[in-house]
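Bear in mind the structure is a predicted one, so any value in this text is a computation, not a measurement. Within every chain, numbering begins at 1; the chains are lettered A, B, ... in the order of the sequence lines, protein sequences first and strands thereafter.
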Amino acid sequence: MTDTVRVRFAPSPTGYLHVGGARTALFNWLFARKHKGVFILRIEDTDVQRSSEAMVQGILEGMHWLGLDHDEGPFFQSSFVDRHRAAARRLVEEGKAYYDFTPKEATDDRTVKEKIIDRARAGREKNPYRSLPLEESLARVEAGEAAAIRLKVPEEGTSRFDDMVYGPQERDYSDIEDLVLIRSDGHPLYNLSVVVDDITMGITHVIRGQDHLTNTHKQVLLYEAMGVPVPRFAHLPLIIAPGREKLSKRKHGEVVSVTTYRDRGFVPDAFVNFLALLGWSAGSDQEILSREELIEKFDLSGVNKASAVFNFNESNQSDWTDPKALWVNGEYIKSMPLDELVPMVSGQLKRAGLWREEYSAGQSEWFARAVDLLRARYRTLDDFGGYGRPYFSDEFEYDPAAVKKNLKDERLRELLPGLSDRLSSLDRFTHEEVEAALRGYSEEQGVKAGLLINAARTALTGQLVGPGLFDIVLILGRERTVTRLRRAADLVSARE
RNA sequence: GCCGCUAUGGUGUAAGUGGUUAACACGCCGCCCUCUCAAGGCGGAGAGUACGGGUUCGAGUCCCGUUAGCGGUACCA
């Protein structure tokens with residue numbers, strides 16, 4: 001008996017890949033990799049109306065970006081419906097399920113909740129078809145009468161299973177209705193399909209969101225009815241929105257979509273790292289964990305039971321998503337191997353329209369140095385094309401606050417061009433020479449070096465903050481430095 | 001309505017089988033560095049563990065109740 005771990009991620013393509021789904025996929029993937037098992041991707045597209053090819057592509061893209069490679073699949077649940085129907089029919093033949101000839105009620109998606117409550121209040125009566133003799137049912141079906149197939153849930157007793165995260169679970173059979181396996185139009189329903197597919201795919205561990213916890217009892221019933229061993233279940237705490245409210249695709253939209261993180265400058269490994277920390281901890285103080293470390297340390301026993309708040313803030317421009325996600329990303333940007341970061345920054349500059357072919361040819365060394373200089377204070381790849389713009393383009397804005405603070409001294413109107421001249425006539429354009437020239441010049445002019453330094457930073461980059469001035473100068477080079485210094489003299493504000 | 005799950009600073013998490021002043025990270029605030037900070041270094045505030053009972057010499061940890069949030073309760077997935 002081999003006990004190879006086989007797990008699956010089974011999204012339904014009714015929406016894009018959101019953080020909750022991504023986290024479920026990640027935990028399955030980590031579990032599979034950790035145990036040298038198999039990770040299967042199965043698209044649950046049985047809800048034809050709501051599923052779409054575009055969403056399938058979106059999910060595939062998202063997983064690819066996250067680096068969650070699957071070993072088998074993608075399989076499409078819709079291609080297995082015959083098997084689902086056959087399984088249900090077998091259960092009927094064995095007396096474990098029955099045909100229900102009650103006419104289908106028209107349900108409006110919007111009123112289901114109320115309907116559930118109404119029906120519960122009214123009290124449930126026993127389904128009269130539950131005990132209909134098999135031959136009679138078969139004959140009626142043969143005659144073309146429409147019927148749904150329902151599982152016979154025991155009337156007395158308790159269902160139990162041991163969840164690897166939530167522990168022992170119990171539910172009275174009396175609380176479980178005879179669930180519909182096959183609709184009267186022949187369409188197999190979720191609980192049946194998952195179980196049949198999980199059986200045929202040999203799934204050993206079902207790792208999924210906690211929203212499936214209570215319904216797991218129904219699935220256990222199905223495994224038992226089919227006479228096959230029940231897999232292990234591990235339910236993951238849900239990810240919720242700030243204020244502990246539920247995450248809704250409709251209300252929260254893009255902030256919860258994985259592609260948003262790709263498009264707004266996240267490093268895949270960093271996002272994976274952040275996601276792993278949502279509802280799980282390695283049990284140590286270490287929070288920055290590489291993919292390899294995550295695989296090594298991952299264990300379902302470290303999964304938390306309480307739902308985790310994904311602390312995004314859509315109204316804040318700079319801190320638009322969870323601050324910790326941004327921090328983790330910044331950590332990756334500043335410490336990842338430079339040769340891995342450079343291509344990512346290239347991609348971002350291309351998207352921002354700031355890319356020049358020389359950066360990957362004659363100026364590749366310069367480009368790498370520039371990225372290395374800037375990375376220390378950036379949190380996303382987008383910052384390279386945003387805050388980093390003055391380093392890659394001559395067209396950039398001067399931050400009014402920076403101009404006001406650093407270019408307000410009227411003496412700068414003369415000093416900036418003066419400094420520009422000094423630097424243009426330097427023999428060697430090195431850090432030491434430039435610094436000596438600037439300090440010498442400020443001494444001659446009787447002003448503090450700081451005045452010139454801060455003014456120069458703003459003159460050169462338009463910004464209030466940034467790397468050390470001499471690093472900026474060296475990266476920009478003599479030509480750009482000289483012209484920008486001179487040009488900025490015009491910005492020196494005339495005090496009123 | 002009924003059933004279930006959960007509850008540690010603003011957020012994410014620690015605190016083996018109950019045992020000293022509840023720890024770490026993010027964020028926030030301050031100081032330092034000094035040429036700036038959105039970088040780096042240092043420090044600080046912030047929870048007495050949802051609330052109320054109980055068990056115990058001792059409870060964040062066990063039990064009961066309440067509350068809140070979430071999930072389920074569909075011929076949705």
Length of the CG-P vector between A:Asp372 and B:A39, whole Å: 17 Å

A:Tyr129/A:Tyr99 aromatic ring centres below 6.0 Å: no

C1' atoms of B:C42 and B:G4, separation to the nearest Å: 49 Å

A:Tyr166 side chain, from C-beta outward: closest of B:C5, B:U11, B:A77: B:C5

B:C3 - base-pair partner by Watson-Crick or wobble geometry, distances under 3.5 Å: B:G71

Sugar-phosphate only, base, or nothing, as touched by A:Glu287 at under 4.0 Å among non-hydrogen atoms: base

Minimum-distance nucleotide to A:Trp327 side chain [options: B:G27, B:G4, B:C76]: B:G27

Side-chain N,O (A:His212) to OP1/OP2 (B:C76) below 4.0 Å: no

B:G12 phosphate, OP1 or OP2, under 4.0 Å from A:Arg244 side-chain N/O: yes

Atom C1', compared across B:G52 and B:G9: separation rounded to whole Å: 22 Å

Spacing between A:Phe310 atom CZ and B:G12 atom P, to the nearest angstrom: 12 Å

Any donor-acceptor pair under 3.5 Å from A:Arg379 side chain to A:Ser318 backbone: yes

Pair assignment for B:G19, Watson-Crick or G-U wobble, requiring both distances under 3.5 Å: B:C57

Touch class at under 4.0 angstrom, heavy-atom based, for A:Leu469 against every strand present: base

A:Lys246 side-chain N/O to B:G71 phosphate OP1/OP2 under 4.0 Å: yes

Rounded interatomic separation in angstrom, taking CG from A:Asn191 and C1' from B:G72: 11 Å

P-based separation of B:C26 from B:G44 [nearest Å]: 15 Å

For B:G44, the Watson-Crick or wobble counterpart (both distances under 3.5 Å): B:C28

B:C76 phosphate, OP1 or OP2, under 4.0 Å from A:Arg183 side-chain N/O: yes

Base of B:C75 paired with side chain of A:Ser184 (donor-acceptor, under 3.5 Å): yes

A:Tyr190 vs A:Ser284, nearer the 5' end of RNA chain B by closest nucleotide: A:Ser284

Side-chain N,O (A:Arg377) to OP1/OP2 (B:U36) below 4.0 Å: no

Sugar-phosphate, base or nothing in reach of A:Ala148, heavy atoms under 4.0 Å: base

Sugar-phosphate, base or nothing in reach of A:Gly302, heavy atoms under 4.0 Å: sugar-phosphate

Exam field: side chain A:Thr458 to backbone A:Ala455, donor-acceptor pair closer than 3.5 Å: no

Sugar-phosphate, base or nothing in reach of A:Leu464, heavy atoms under 4.0 Å: base

Integer-rounded Å distance: B:G9 C1' and A:Lys324 NZ: 13 Å

Nearest to side-chain heavy atoms of A:Asp47, which nucleotide of B:C3, B:A77, B:G27: B:A77

Base-pairing mate for B:C76 - Watson-Crick or G-U, with both contacts under 3.5 Å: none

Sugar-phosphate, base or nothing in reach of A:Asn215, heavy atoms under 4.0 Å: base

Gap between atoms CG and C1', on A:Leu151 and B:C75 respectively (whole Å): 15 Å

Rounded P spacing from B:A45 to B:A38 in Å: 23 Å

Side chain of A:Lys305 - closest among B:G71, B:U6, B:C76: B:U6

Lys/Arg N to Asp/Glu carboxylate O, A:Asp322 vs A:Lys324, below 4.0 Å: no

Integer angstrom distance from the P of B:G53 to that of B:U17: 26 Å

Among B:C76, B:G27, B:G72, the one nearest A:Leu189 by side-chain distance: B:C76

A:Asp319 CG to B:G10 P, straight-line distance once rounded to whole Å: 19 Å

Residues A:Asp198, A:Arg42; criterion salt bridge (charged side-chain N to carboxylate O under 4.0 Å, His left out); working and verdict: CA-CA 10 Å; A:Asp198 282 344; A:Arg42 184 176 73 220; 2.8 Å; yes

Atom P, compared across B:U36 and B:A15: separation rounded to whole Å: 43 Å

Interatomic distance where CZ belongs to A:Phe470 and P belongs to B:U36 [whole Å]: 12 Å

Chi-based syn or anti call at B:G48, which uses purine or pyrimidine torsion atoms and a 90° bound: syn

B:A77 OP1/OP2 closer than 4.0 Å to side-chain N/O of A:Thr46: yes

Whether over 12 other heavy atoms sit under 6.0 Å from A:Glu397 CD: no

Check: A:His431 ring centroid to A:Phe470 ring centroid under 6.0 Å: yes

Phosphate-side-chain proximity, A:Ser281 and B:A14, N/O vs OP1/OP2 below 4.0 Å: yes

Sugar-phosphate only, base, or nothing, as touched by A:Gly330 at under 4.0 Å among non-hydrogen atoms: nothing

Cation-pi check, A:Arg264 onto A:Phe266 ring (under 6.0 Å, within 45° of axis): no

Separation between the C1' atoms of B:G18 and B:C63, rounded to whole Å: 13 Å

Check: A:Gly386 main-chain N/O paired with A:Asp383 side-chain donor or acceptor under 3.5 Å: no

Check: A:Ser290 main-chain N/O paired with A:Glu293 side-chain donor or acceptor under 3.5 Å: yes

Sugar-phosphate only, base, or nothing, as touched by A:Pro467 at under 4.0 Å among non-hydrogen atoms: base

Residue whose nearest RNA chain B nucleotide is more 5′ - A:Leu278 or A:Arg457: A:Leu278

Quiz item: A:Lys115 side-chain donor-acceptor pair to B:A74 base, under 3.5 Å: no

A:Gln210 CD to B:G69 P, straight-line distance once rounded to whole Å: 16 Å

B:A14 OP1/OP2 closer than 4.0 Å to side-chain N/O of A:Asn304: yes

Nearest-Å distance once atom P is located in both B:G27 and B:G12: 15 Å

Touch class at under 4.0 angstrom, heavy-atom based, for A:Pro11 against every strand present: nothing

Touch class at under 4.0 angstrom, heavy-atom based, for A:Gln463 against every strand present: nothing

From B:A77, B:U36, B:C75, nucleotide with atom closest to A:Lys405 side chain: B:U36

Polar side-chain contact A:Tyr378-B:A38 base: donor and acceptor under 3.5 Å: no

Partner nucleotide of B:A50 by Watson-Crick or wobble geometry (both distances under 3.5 Å): B:U66

Phosphate OP1/OP2 of B:G40 contacted by A:Lys334 side-chain N/O (<4.0 Å): yes

